Amino acid sequence: MTSTMTSTKRSSFGEEFMNNFKNRNPGEIEFHQAVHEVTESLLNFIEDNPKYKNAKILERMSEPERIIIFRVPWVDDKGEIQVNRGYRVEMNSAIGPYKGGLRFHPTVNLSILKFLAFEQVFKNSLTTLPMGGGKGGSDFDPKQKTDGEVMRFCQSFMTELSKHIGPNTDVPAGDIGVGGREIGFLFGQYKRLRNEFTGVLTGKGREWGGSLIRPEATGYGTVYFADEMLRTRNDSFKGKIVTVSGSGNVAQFTTEKVNELGGKVVTLSDSSGFIHDPDGIDAEKLKFVMRLKNIKRGRIEEYAKKFGAEYYANERPWKIKCDVALPCATQNEINKQEAELLIKNGCICVSEGANMPSTPDAVDVYLKNKILYGPGKAANAGGVSVSGLEMSQNSLRMSWTREEVDGHLKRIMQDIHTTCVKYGKTKDGFINYMDGANIGGFVKVAEAMLAQGLV
Ligand code: NDP
Ligand code: 2IT
């Protein structure tokens with residue numbers, strides 16, 4: 001009787017919250033998806049800890065502290081004027097300055113940036129470092145643009161953004177379409193406008209305030225996290241067949257670390273299709289991919305031509321048999337049917353380098369089959385963790401060695417794993433890393449918000 005009443009009360013709180021939330025954010029389906037997942041994980045926890053419910057912490061955490069939207073006019077190489085839209089979602093500053101990447105991609109809109117900023121709050125809390133959450137970007141498409149066009153766009157974007165950020169206020173970094181080249185142009189413009197050399201951005205070049213290991217950090221961290229999960233079952237990457245999606249920053253260094261740990265990566269992809277190389281993408285082939293993607297800015301199809309691998313146009317790699325799957329491209333890139341296919345083919349572990357790459361019904365498939373599933377906010381937190389370490393080094397005006405930074409990164413990924421186990425272990429011993437990450441990330445931010453009064 002009591003338990004029925006309690007569960008009815010629980011589901012009605014969840015339903016009421018989600019209904020109100022959706023009404024306030026109509027049509028923002030990615031934002032709905034991210035908040036719904038967290039709410040499902042937190043319902044029981046919040047009912048058991050009424051202080052969070054009474055203080056309306058979840059209602060406050062799902063409302064951004066501030067959103068800035070601005071016009072970005074620039075001139076292309078033909079002398080024609082172009083207009084894009086720029087954004088910065090400042091989601092939560094309870095435990096530190098807003099921190100999170102900038103995404104330049106034609107699909108960027110408010111729903112995508114709000115979902116990413118919301119996820120970032122929990123992720124940054126899990127890292128153990130003092131960083132709040134934010135995300136920004138533009139619908140600008142860097143593909144087929146010259147360096148000059150990208151620079152003029154970045155300068156115009158930063159001319160407005162510079163009014164809202166700062167090393168103790170909001171510290172952006174890279175994400176899809178924003179790498180070392182773009183961070184350089186953005187930093188240069190900030191410095192001209194403010195006449196200040198500060199750690200206002202992370203992912204900077206080594207010679208001008210960047211941290212060693214930051215380029216590698218997200219990919220390495222995703223593999224370290226998967227390795228920690230495998231250890232709970234006395235297993236490792238040795239001899240494992242691994243499918244990776246994407247071929248950008250995260251996918252490249254994920255591949256490098258899997259190779260180092262004795263696994264074999266057999267796929268990579270981009271938005272046009274994927275390649276399958278059953279012999280494995282070894283260090284030499286990876287060097288080709290890095291040149292192809294980071295310098296030539298070409299398509300992954302060229303890998304197939306160069307090495308005689310199979311190319312599948314307009315398809316995703318999840319139909320290829322694997323032991324471990326590491327999605328490193330974008331949101332909602334594994335659906336229910338693909339998750340079922342992964343399981344059918346013997347996949348035992350999914351560790352998310354990308355943000356929210358699995359649809360909710362794909363996640364249900366992983367959890368039902370009790371495979372090792374590391375959600376993005378835990379598994380890909382290595383990138384922002386080393387961003388946090390870059391901020392520390394900038395404040396100290398020092399730089400640490402590769403070994404020091406990699407050591408910190410490894411320890412942080414282990415700590416995140418421990419937090420997930422603490423909050424996500426179920427009675428039968430199964431670790432629900434999704435619940436663990438959501439609850440573990442929530443507690444620190446919620447406690448800070450309670451302590452700071454009505455913020
Ligand atoms: P990059 O821009 O370096 O690479 C993105 C890769 O994903 C490219 O291969 C790109 O293909 C592919 N991709 C992008 N959009 C789509 C799409 N709609 N469909 C299919 N493929 C797509 O970005 P990152 O490697 O930095 O980011 C990859 C993922 O990792 C993102 O989800 C990002 O949010 C997440 N992430 C990144 C972090 C970082 O530090 N960079 C930290 C934590 C998470 P194409 O070249 O055709 O566009
Ligand atoms: O999604 C992410 O965590 C990032 N794109 C990195 C953010 C950062 O501030 O380094």
Side-chain angles (χ1 to χ4, degrees), residues 30 96-108 112-113 115-124 126-127 129 131-137 141-144 170-183 199 201-204 210-211 213-222 244-255 268-275 289-290 292-294 296-301 303 314-317 326-334 352-358 375-391:
E30 293 86 1
Y98 308 108
K99 181 83 196 87
L102 296 170
R103 179 175 291 191
F104 292 169
H105 195 273
T107 57
V108 162
I112 288 177
L113 294 179
F115 116 64
L116 288 164
F118 182 76
E119 291 279 293
Q120 198 81 44
V121 173
F122 293 77
K123 184 194 304 190
N124 293 5
L126 286 168
T127 66
L129 303 174
M131 299 180 289
K135 198 89 187 187
D141 185 358
K143 281 203 192 82
Q144 323 293 335
D170 184 351
V171 183
D175 193 78
I176 292 177
V178 178
R181 174 182 63 168
E182 291 74 18
I183 294 293
L201 293 163
T202 59
K204 300 185 291 301
S211 175
I213 301 286
R214 177 61 188 90
E216 294 88 339
T218 311
Y220 281 14
T222 301
V244 173
S245 65
S247 48
N249 172 267
V250 181
Q252 292 168 15
F253 289 104
T254 291
T255 302
L268 284 173
S269 72
D270 61 21
S271 51
S272 310
F274 81 91
I275 56 106
V289 173
M290 288 181 172
L292 173 69
K293 283 289 168 182
N294 309 345
K296 276 183 68 187
R297 299 183 190 271
R299 311 306 299 156
I300 199 68
E301 184 178 5
Y303 179 103
N314 302 315
E315 287 195 63
R316 302 192 285 217
L326 305 174
C328 297
T330 192
Q331 65 275 355
N332 293 326
E333 55 164 321
I334 304 183
E352 296 182 337
N355 285 306
M356 206 168 76
S358 306
K377 62 172 76 71
N380 72 39
V384 76
S385 297
V386 176
S387 278
L389 301 177
E390 184 171 326
M391 290 166 72

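Counting starts at 1 for both ligands and their atoms, in listed order. A quick note: this is a predicted structure, and the numbers were derived from the prediction, not measured. Computed from heavy atoms alone, side chains included, the values below leave out hydrogens, waters and symmetry copies. The first residue in the sequence is number 1, and the count goes up from there.
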(message) Suppose we screen for side chain to side chain contact (heavy atoms under 4.5 Å, CB included). Which residues come up paired with I176, at least two apart in sequence or across chains?
(response) R103, H105, T330
(request) Find out whether T254 and E216 are in side-chain contact, i.e. whether some heavy atom of one side chain is under 4.5 Å from a heavy atom of the other. (result) no
(message) Residue by residue, ordered by chain and number, which ones reach under 4.0 Å of ligand 2 with a heavy atom?
(response) K99, G100, G101, Q120, K123, K135, A173, G174, D175, R214, N355, G383, V384, S387
(request) Apply side chain to side chain donor-acceptor pair (under 3.5 Å) to the pair S358 and E352, showing each step before the final yes or no. (result) CA-CA 8 Å; S358 306; E352 296 182 337; 2.6 Å; yes
(message) Can a side-chain donor-acceptor contact be found between R316 and S245 if the only test is distance below 3.5 angstrom?
(response) no
(message) Show every salt bridge (charged side-chain N to carboxylate O under 4.0 Å, His left out) that has at least one partner inside residues 379-388, sequence neighbours left out.
(response) none
Quick one: ligand 1 N/O to protein N/O pairs below 3.5 Å?
residue: ligand 1; atom: 2 (O); partner: G177; partner atom: N; Å: 3.0
residue: ligand 1; atom: 3 (O); partner: N249; partner atom: N; Å: 2.9
residue: ligand 1; atom: 9 (O); partner: S247; partner atom: N; Å: 3.0
residue: ligand 1; atom: 9 (O); partner: S247; partner atom: OG; Å: 3.3
residue: ligand 1; atom: 11 (O); partner: S271; partner atom: N; Å: 3.4
residue: ligand 1; atom: 25 (O); partner: N249; partner atom: N; Å: 3.2
residue: ligand 1; atom: 25 (O); partner: V250; partner atom: N; Å: 3.0
residue: ligand 1; atom: 30 (O); partner: G353; partner atom: O; Å: 3.4
residue: ligand 1; atom: 32 (O); partner: A329; partner atom: O; Å: 3.4
residue: ligand 1; atom: 32 (O); partner: N355; partner atom: N; Å: 3.2
residue: ligand 1; atom: 34 (O); partner: R103; partner atom: NH2; Å: 3.0
residue: ligand 1; atom: 34 (O); partner: D175; partner atom: OD1; Å: 2.7
residue: ligand 1; atom: 34 (O); partner: D175; partner atom: OD2; Å: 3.2
residue: ligand 1; atom: 34 (O); partner: N355; partner atom: ND2; Å: 2.8
residue: ligand 1; atom: 40 (O); partner: R214; partner atom: NH1; Å: 3.4
residue: ligand 1; atom: 40 (O); partner: R214; partner atom: NH2; Å: 2.9
residue: ligand 1; atom: 40 (O); partner: T218; partner atom: OG1; Å: 2.8
residue: ligand 1; atom: 47 (O); partner: S271; partner atom: N; Å: 2.9
residue: ligand 1; atom: 47 (O); partner: S271; partner atom: OG; Å: 2.4
residue: ligand 1; atom: 47 (O); partner: R299; partner atom: NH1; Å: 3.3
residue: ligand 1; atom: 47 (O); partner: R299; partner atom: NH2; Å: 2.7
residue: ligand 1; atom: 48 (O); partner: K143; partner atom: NZ; Å: 2.8

(request) Could you check if a side-chain atom of M391 sits within less than 4.5 angstrom of a side-chain atom of K99, using non-hydrogen atoms only? (result) yes
(message) Could you check whether any side-chain N or O of N124 sits under 3.5 Å from a backbone N or O of G132, counting only pairs where one atom can act as donor and the other as acceptor?
(response) yes
(request) Give a yes-or-no answer on whether the side chains of K377 and N355 include a donor-acceptor pair shorter than 3.5 Å. (result) no
(request) Examine distances only and state if a side-chain atom of N314 and a backbone atom of G273 form a donor-acceptor pair shorter than 3.5 Å. (result) no
